[in-house]
There are 2 protein chains.
Amino acid sequence: MKHVETLHWVGEVDGYLALIDQTLLPLKCVEIQCRNAEAVWEAIKMLRVRGAPAIGIAAAYGVCLGLQTVAGQAEDALYQRLGEVADYLASSRPTAVNLFWALERMKQRAAELRGRAPTRSVGRRPKVGWAAEIAETLLAEARAIHEEDRRTCRAIGRHGAELLEDGQGVLTHCNAGGLATADYGTALAVIFAAAESGKRLHVYVDETRPLLQGARLTTWELKQRGIHTTLICDSMAAVVMQQRRVQAVITGADRIAANGDVANKIGTYGLGLLAAAHQIPFYVAAPTSTFDLSLSSGAGIPIEQRDPREITHGFGRQTAPEEIDVYNPAFDVTPAELIRAIICQRGLIRPVTRQRIAEVLGAGR
Amino acid sequence: MKHVETLHWVGEVDGYLALIDQTLLPLKCVEIQCRNAEAVWEAIKMLRVRGAPAIGIAAAYGVCLGLQTVAGQAEDALYQRLGEVADYLASSRPTAVNLFWALERMKQRAAELRGRAPTRSVGRRPKVGWAAEIAETLLAEARAIHEEDRRTCRAIGRHGAELLEDGQGVLTHCNAGGLATADYGTALAVIFAAAESGKRLHVYVDETRPLLQGARLTTWELKQRGIHTTLICDSMAAVVMQQRRVQAVITGADRIAANGDVANKIGTYGLGLLAAAHQIPFYVAAPTSTFDLSLSSGAGIPIEQRDPREITHGFGRQTAPEEIDVYNPAFDVTPAELIRAIICQRGLIRPVTRQRIAEVLGAGR
């Protein structure tokens, strides 16, 4: 990433969120400034920031931005606004659970503080000072979520790297790299860590229609780190496996159910089936915050439907007849039995079973 | 197609080949005029005309155009030119065998005439008149190839329609429709014929990266015939099968080996595996001219590699970093065991075995 961070908070509690507008990559690397919750909502909705962990971090900072409008007001106003902002940000995208996880964590942190005595005096209006302190505490919580994601990505890389061998080919889909997280990725963290340990890898990257995150973002990240990278169309993954060009498939995840079913970028399920047909191990890399243990299986995961124009006008040019019917799910669900292991910051979840997930996640998330 | 023919010869032996420039569809339906063999070569190479049967027909007419330059010259000059033109046209694309089949058929027809006495007098230069008669005979042969393809497509439709039931969903890939043939298609012929017999079908069309023949051409053809059509990205085929939205998959073919292995548009092999994983029958529709019995299996089929820019700059806009390595095979090979039946003009080849293929094709092609 060479000194360019996916997203970062600038300043103190009255500061703002800066993030790379990923829709412009790889041709332009432009940082935009989100100065209110609406700007963060738009950035998530329009995929300027995307990737489950990065969405969670952005949303946490978005809460802080939303509270700036009640700075100087009473505690009750702050809590009311907090609830509104969290609900609002939660409406940006439905599938990635890290979004809801981060918002819930921010609300819980705020709830812990509610009704406690102020810890410092601010003169005649202690309640206002108290609200400011809550806002500061919440900014610290957002920064903590951000920092934890950095450490989580490094741990995922460390645990996953052992699964790859020198000289192997690896297939990945969409972007589960530094741009999808605080700075090191999930699926790509595994590749980065293996490469840093001296293993020479050849990474095949699915372009990932309709929005080409693989072509635009993943190739860009891999190239920056000097990793041998070949771009293919999604429809070429099968022949790449047939020709034994890859010995492993690794993707990220947007939500993982209690039984290990994984919602991820559309096309992942097909890759899981193709990998199984070629006896190639299929791995998923994700932080524990991507698990949604309230869902017994992947059947309960809501799948976002996106604008048909992503398919019919995806490159600024119309490439299908007018008014053609389009089906455009952003995600699909890969059954647990197709996944050899889930790589999280605590280690490998292998085999991917309800019991093993409960064991690894049992000691808190 | 509403009065627009994929390709047609205009005039007599000194005429020209007119064809729809398919790279401009669906936004513009422009007919271009090919007035020499070079123009036909370019049209095939650049996919202005594409689809194995249509390429064969275009190449046959291309031979006629190539011979116009030796009109008025002696017989020997004509035969020399014929060999050169056929070799030249054969170099346009390597995979679709109909191209070589049509050129071979033109050369054989010419060879039958060689050395025979002229059947009519043209005054003082009988050899020249003889050359003109050969040219006329070859134009008639090209027209015959064209007309036979029309009948072949209708027969494929008739035989295949029985495989589809009222109310079913059908998935297809790339374009094996009227635009890929004389006028009725191969895979789409099956759908058209079933629809004409009163069966209501819902066709899911893979957009077919990199050149989007599904999005641009197949949806256009289906829409013109009023068939319920939904466009998807290639990566969505698996979830469409998982959700039981389709009960059959039908594609065309560019070359079929003696054992039934099928080379077709990249992505077809993956669809074959995905269909098998969902117990959905996978059918291939192709004329007998698509069989290459000289090849024992699909391993011998040459696979065309195309320009990386089809992937990195496919729609006039750069969507990947500069100088990224790209793998862009235009076709893949689907093993016979994944194919439930091959639908040709003589009926169904089922099961798809070397023996059954030999039986059906045995009585000449």
Side-chain angles (χ1 to χ4, degrees), chain A residues 25-27 173 204-210 212 214-216 219-220 223 228-242 245 265-274 276-278 303 308 310-312 314-329 332-333, chain B residues 25-27 173 204-210 212 214-216 219-220 223 228-242 245 265-274 276-278 303 308 310-312 314-329 332-333:
Chain A
L25 287 173
L27 298 190
H173 188 69
Y204 285 82
V205 179
D206 276 355
E207 62 171 8
T208 317
R209 280 281 284 151
L212 301 178
R216 296 189 298 107
T219 57
W220 188 71
K223 200 165 179 257
H228 188 184
T229 303
T230 297
L231 174 64
I232 60 172
C233 293
D234 305 320
S235 59
M236 296 166 190
V239 82
V240 162
M241 294 184 196
Q242 186 186 39
R245 291 170 181 256
K265 176 59 53 193
I266 188 73
T268 304
Y269 167 58
L271 285 183
L273 289 172
L274 296 176
H278 294 93
I303 299 296
E310 288 183 353
I311 298 180
T312 58
F315 305 90
R317 201 169 110 186
Q318 184 180 342
T319 52
E322 291 291 342
E323 294 172 22
I324 193 76
D325 182 33
V326 168
Y327 180 55
N328 185 16
D332 58 27
V333 174
Chain B
L25 286 173
L27 298 191
H173 189 70
Y204 285 82
V205 179
D206 277 355
E207 62 172 6
T208 317
R209 280 283 283 153
L212 302 178
R216 294 189 299 107
T219 57
W220 187 71
K223 200 166 179 261
H228 187 185
T229 303
T230 297
L231 174 64
I232 60 172
C233 293
D234 304 322
S235 59
M236 296 166 190
V239 81
V240 161
M241 294 184 196
Q242 186 186 40
R245 290 170 181 255
K265 176 60 52 192
I266 187 73
T268 304
Y269 167 57
L271 284 183
L273 289 172
L274 296 176
H278 294 92
I303 299 297
E310 289 184 352
I311 299 181
T312 59
F315 305 90
R317 202 168 110 185
Q318 183 180 342
T319 52
E322 291 291 343
E323 294 173 22
I324 193 76
D325 181 33
V326 168
Y327 180 56
N328 186 16
D332 58 27
V333 175

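In what follows, chains are A, B, ... by sequence order, proteins preceding strands, each numbered from 1. The structure displayed is predicted, hence computed values, not measured ones. Computed from heavy atoms alone, side chains included, the values below leave out hydrogens, waters and symmetry copies.
Comparing B:L271, B:I324, B:T312 by how many heavy-atom pairs each has under 4.5 Å with chain A, the most go to B:I324. Comparing B:T219, B:D206, B:D234, B:D332 by heavy-atom pairs within less than 4.5 Å of chain A, the highest count is held by B:T219. Residue with the most contacts toward chain B among A:V240, A:I232, A:I266, A:V333: A:I266 (heavy-atom pairs, distance under 4.5 Å). Top candidate by heavy-atom pairs under 4.5 Å with chain A, chosen from B:E310, B:K265, B:R245, is B:R245. Chain A forms more heavy-atom pairs under 4.5 Å with one residue of B:T230, B:T268, B:V326 than with any other, namely B:T230. Options A:L25, A:I311, A:L212 differ in how many heavy-atom pairs under 4.5 Å they form with chain B, and the most are formed by A:I311.
A 4.5 Å side-chain heavy-atom check between A:L27 and B:R317 finds every atom pair outside the cut-off. Inter-residue side-chain proximity for A:N328 and B:M236 is flagged as met; some heavy-atom pair is nearer than 4.5 Å.
Of all non-hydrogen atoms in A:V239 and B:Y327, the two that sit nearest each other are CG1-CE2, 4.2 Å. Taking each heavy atom of A:T229 and B:D325 in turn, the nearest pair found is O-CB, 3.2 Å. Of all heavy-atom pairs between B:A215 and A:P321, the closest is O-CD, 3.3 Å. Nearest heavy-atom pair across B:G270 and A:A238 is CA-CB, 3.6 Å.
Under the rule for a salt bridge (charged side-chain N to carboxylate O under 4.0 Å, His left out), the partners of B:R209 that lie at least two apart in sequence or sit in another chain are A:E207. For the side chain to side chain donor-acceptor pair (under 3.5 Å) test, no residue two or more places apart in sequence or in another chain qualifies with A:S235.
Using a distance-only test at 3.5 Å, with no hydrogens or angles considered, a donor-acceptor pair links the side chain of B:K223 to the main chain of A:E322.
Looking at B:T208, neither its backbone nor its side chain comes within 4.5 Å of chain A, counting heavy atoms on both sides.
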